[in-house]
Amino acid sequence: MIRLILLATVGVVVVSAAGCGGPKRPDGFPVVYPCTITVTQGNTPLEGVSVTLRHSETSGKWSISGITNASGVANIRTHGQFPGAPMGTFKVVLSKTVIEGGSGSDDDNRASPSKEPVKIYSLIDKQYLQEETTPLQIDVQKKRASASFDIGAPVRILIETINPGGA
């Protein structure tokens with residue numbers, strides 16, 4: 001009987017230790033709740049959008065963000081490791097860029113610096129790029145939070161042109 005109790009106790013300790021294998025939460029880390037955000041553009045799911053939740057009390061302490069998948073859904077994580085977001089009302093900031101140009105090769109088919117300028121475009125309207133101007137919000141409470149945002153017609157806004165050789 002004592003052997004059975006000892007074996008059961010060892011089993012409980014082993015199972016408990018196996019469940020503690022996740023990342024350690026930093027001191028002062030908030031309780032987080034499941035949170036998803038869906039982003040569409042012209043009613044089409046938008047993949048590869050960086051979604052960041054901003055709140056004056058938590059923005060300086062913990063990053064709260066996700067990247068949309070092919071269905072336009074971002075599963076939000078806090079501090080990059082913990083699924084969910086803390087309670088509160090957050091501004092939703094979006095970002096997605098593409099880089100074009102800058103490719104080239106010389107006559108020997110070896111890579112060489114391009115003479116073509118590199119252009120960086122935003123595929124998100126500028127109003128969604130900053131906490132101060134985005135109209136998007138999500139309210140996270142003690143339950144699953146989700147929101148869907150259609151950000152209008154597709155855009156392509158030139159952000160920067162980088163000329164090779166600093167020209």
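As the structure is a computational prediction, the values presented were derived from the model and not from experiment.
Atom CD1 of Ile157 sits about 12.0 Å away from atom OG1 of Thr97, to the nearest 0.5 Å. Remark: Gln41 CD to Leu123 CG distance equals 7.0 Å, nearest 0.5 Å. Annotation: the span from Ile99 atom CD1 to Glu160 atom CD amounts to 9.5 Å, rounded to 0.5 Å. Considering OG of Ser50 and CG of Leu94, their distance stands at 8.0 Å, rounded to 0.5 Å.
With contacts defined as side-chain heavy-atom distances shorter than 4.5 Å, the pair Ser122/Tyr128 does not qualify. With contacts defined as side-chain heavy-atom distances shorter than 4.5 Å, the pair Leu53/Cys35 qualifies. In this structure, the side chains of Ile151 and Val39 come closer than 4.5 Å at one or more pairs of heavy atoms.
The backbone N or O of Thr36 lies less than 3.5 Å from no partner atom in the side chain of Ser146, so there is not a single donor-acceptor pair. With hydrogens and angles disregarded, no donor-acceptor distance shorter than 3.5 Å links the side chain of Lys119 to the backbone of Gly101. Within the 3.5 Å criterion, the main-chain N or O of Gln127 finds a donor-acceptor partner in the side chain of Thr133.
Residue Asp150 forms a side chain to side chain donor-acceptor pair (under 3.5 Å) with just one option from Thr38, Thr44, Thr40, and that option is Thr40.
Cluster annotation: Val93 is not connected to Ile76 through the hydrophobic network of ILVMFWY side chains, with a link wherever side-chain heavy atoms come within less than 4.5 Å.
Using cut-offs of 30° and 60° for the angle between ring planes, the Trp62 and His79 rings count as perpendicular.
In terms of heavy-atom proximity, Lys142 sits nearest to Tyr33 at CG-OH, 3.5 Å.
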